[in-house]
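Accompanying notes for the structure given below.
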Amino acid sequence: MIANRDRLAASEAREIALECVEAGIEAGHPRTVVHDTVALEGETLRIADATYDLREYDALVVLGGGNAAAHVTVALEAILGDRIDGGVVVTDDPVETERVTVRVGDHPIPSERGVDAAGDVLAAAAAADGDTLVLAAITGGGSALMPAPAGDLSLDDLRTTTDALLASGADIGDINAVRKHLSALKGGRLARRAAPATVASLVLSDVVGNDPSVIASGPLAPDESTFDDALAVCERYEIDAPGPVQTRLERGAAGEIAETPGPDDAAFETVSNHIVADGMTTLDAARDAAAERGYETLVLSSRVRGEARDAAATHVAIAEEVLATGRPVAPPAVVLSGGETTVTVRGDGTGGPNQEFATSAALELADGGDIEDGGEIAVAAVDTDGSDGATDAAGALVDGTTVVDSDAAREVLAENDAYPYLESRDGLLFTGPTGTNLNDLRVIGIE
């Protein structure tokens, strides 16, 4: 899975970190999670704790989008075969399917082909009726992959706004509060389009807290955010939104444009959202992999958020405590966390949150100076979809040897230019598209 694994595995701490990364990502792949949560027993389809009698429907279609949407579709086809009557999903990681059309979009910045593909999803949803069962594949990345500019908005309006939000350090909830109110599909509008069909949504969560209204901007979930909230986000993060965006948000706040559908909307009476995998899926598998190798394990949290460089300093401090005092676990140990850190972009470099986390961690390790001789700490930080930010690296793996010039590393962080620095230090970790997206995974190996 890790393309440059041999070069990265230069120590025992690095080796265990790599094993845990691979175990975590593999456990979150749709072929694993769909097999574990979906089953066909005669004419009864089971999804988690819900059941659907297929004899009650004239048609069964698959719709949706996200980094893992095509892989979810393949897993569903393996279970349902020719019971699936068609459908369309949008992804940036296409794989061959037999009965469902796979359209390609772009992530993290939306594209024209994504707009066209989102239009196909909306059309297929509108064609569903009360005798249709819609299985929806909703995964991380769906928000960018299924852009559907609302009203008079253009794709450039969405791109400019998305770029500014991503660079601002805003969390995913705030970003999506804006994107939902600029879209014809997000914020529950896909559910409204599909009504009165029965919709069963299989969701792979890439957000802290697993809120279905946030994952992929909640196309099939009620939205409690408002146009006022979207305006407040733009003001709080000083987003210089294009004129048409600002106008739409202001018109919505004034009641001139209908709000996104809320919890009481009739569109959700026949919609159910099933979280089939999340950040804990990867953390549990990574922890088990470490335990099988005889390591003590500690899962800090699946909800780590905030500035990547600040989170890195805290993680390294915990690892140093483990090595120095054997608390809260004794080495050899593996410390794990998930969640989604952010970067407030002030420079014009290249990188992503996990690369910034790794660079900051490497700097902390280099500056620590009080690690007992013979002790070793390695830090891996990856985005489980295989692409950290807008780069081709999943993240990075670093240790106390990565940073040789602390001033240079600080300059890298100041310029948000982690990618070339880590590349020069053989720290980047490459997986290519992984087939899933369950948020970030951080593994600290401590020998």
Side-chain angles (χ1 to χ4, degrees), residues 2-4 7-8 21 67 92 106-111 141 144 156 159-172 174-175 237-240 304-316 339-367 378-433 437 439-442:
I2 297 173
N4 57 332
R7 293 185 64 182
L8 292 174
V21 166
N67 301 117
D92 59 345
D106 293 280
H107 177 269
I109 304 301
S111 66
D156 282 342
R159 282 175 173 162
T160 300
T161 306
T162 299
D163 281 343
L165 287 165
L166 291 172
S168 71
D171 67 28
I172 192 64
D174 284 341
I175 291 172
Y237 294 101
E238 300 180 345
I239 304 300
D240 185 16
V304 173
R305 51 198 182 271
E307 283 288 328
R309 64 184 66 184
D310 297 335
T314 300
H315 281 63
V316 169
E340 185 171 46
T341 60
T342 53
V343 174
T344 301
V345 178
R346 298 181 176 88
D348 59 359
T350 303
N354 289 286
Q355 293 163 60
E356 185 134 332
F357 181 100
T359 302
S360 179
L363 178 60
E364 291 291 327
L365 291 171
D367 285 351
V379 179
V382 299
D383 192 324
T384 52
D385 70 358
S387 177
D388 182 35
T391 73
D392 60 348
L397 174 63
V398 299
D399 60 20
T401 70
T402 301
V403 169
V404 294
D405 183 339
S406 295
D407 289 337
R410 292 189 185 93
E411 181 64 22
V412 164
L413 291 171
E415 293 297 321
N416 304 117
D417 202 24
Y419 184 102
Y421 178 77
L422 290 167
E423 184 178 37
S424 72
R425 301 299 301 150
D426 281 334
L428 292 175
L429 189 155
F430 296 95
T431 63
N437 186 349
N439 226 324
D440 297 337
L441 172 62
R442 290 170 287 272

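Hydrogens, waters and symmetry mates play no part in the numbers below; they use all other heavy atoms, side chains included. The chain is numbered in sequence order, starting from 1.
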Taking the side chain as every heavy atom from C-beta outward, state whether [X] and [Y] have any pair of such atoms under 4.5 Å apart.
X: Thr391; Y: Glu423; result: no
X: Ile109; Y: Leu166; result: yes
X: Val382; Y: Thr431; result: no
X: Arg425; Y: Val404; result: yes
X: Asp348; Y: Asn416; result: no
X: Ile172; Y: Glu340; result: yes
X: Arg442; Y: Val304; result: yes
X: Pro353; Y: Thr342; result: no

Going through the checks in order, is the side-chain hydrogen bond (donor to acceptor under 3.5 Å, both in side chains) test met by Ser387 and Asp385? CA-CA 6 Å; Ser387 177; Asp385 70 358; 5.1 Å; no

Which of Thr384, Asp383, Asn437 passes side-chain hydrogen bond (donor to acceptor under 3.5 Å, both in side chains) with Asn67? It is Asn437

Scan Thr359, Asp392, Asp388 and name whichever one has a side-chain hydrogen bond (donor to acceptor under 3.5 Å, both in side chains) with Tyr419. Asp392

For Asp171, does its backbone N or O pair with a side-chain atom of Arg305 as donor and acceptor, under 3.5 Å? no

Does any N or O in the side chain of Arg159 come within less than 3.5 Å of the main-chain N or O of Pro110, such that one atom is a donor and the other an acceptor? yes

Find the distance between [atom1] ([X]) and [atom2] ([Y]) and round it off to the nearest 0.5 Å.
X: His315; Y: Glu364; atom1: NE2; atom2: CD; answer: 12.5 Å
X: Leu422; Y: Gln355; atom1: CG; atom2: CD; answer: 6.0 Å
X: Leu397; Y: Asp426; atom1: CG; atom2: CG; answer: 11.0 Å
X: Leu428; Y: Asn354; atom1: CG; atom2: CG; answer: 11.5 Å
X: Asp310; Y: Phe357; atom1: CG; atom2: CZ; answer: 10.5 Å
X: Ile2; Y: Arg7; atom1: CD1; atom2: CZ; answer: 14.0 Å

Regarding Ser168 and Glu238, is there a side-chain donor-to-acceptor distance under 3.5 Å anywhere? no

Return the minimal non-hydrogen interatomic distance between [X] and [Y], and the atom names on each side.
X: Val398; Y: Ala358; answer: CG2-O, 3.4 Å
X: Thr162; Y: Pro108; answer: CG2-O, 4.1 Å
X: Ala378; Y: Asp399; answer: CA-CB, 4.2 Å
X: Ile175; Y: Ala170; answer: CD1-O, 3.6 Å
X: Ala313; Y: Ser360; answer: N-OG, 4.5 Å
X: Val403; Y: Leu363; answer: CG2-N, 3.8 Å

Begin from the C-alpha positions of Leu365 and Thr402 and carry the test side-chain contact (heavy atoms from CB on, under 4.5 Å) through to its verdict. CA-CA 9 Å; Leu365 291 171; Thr402 301; over 6 Å; no

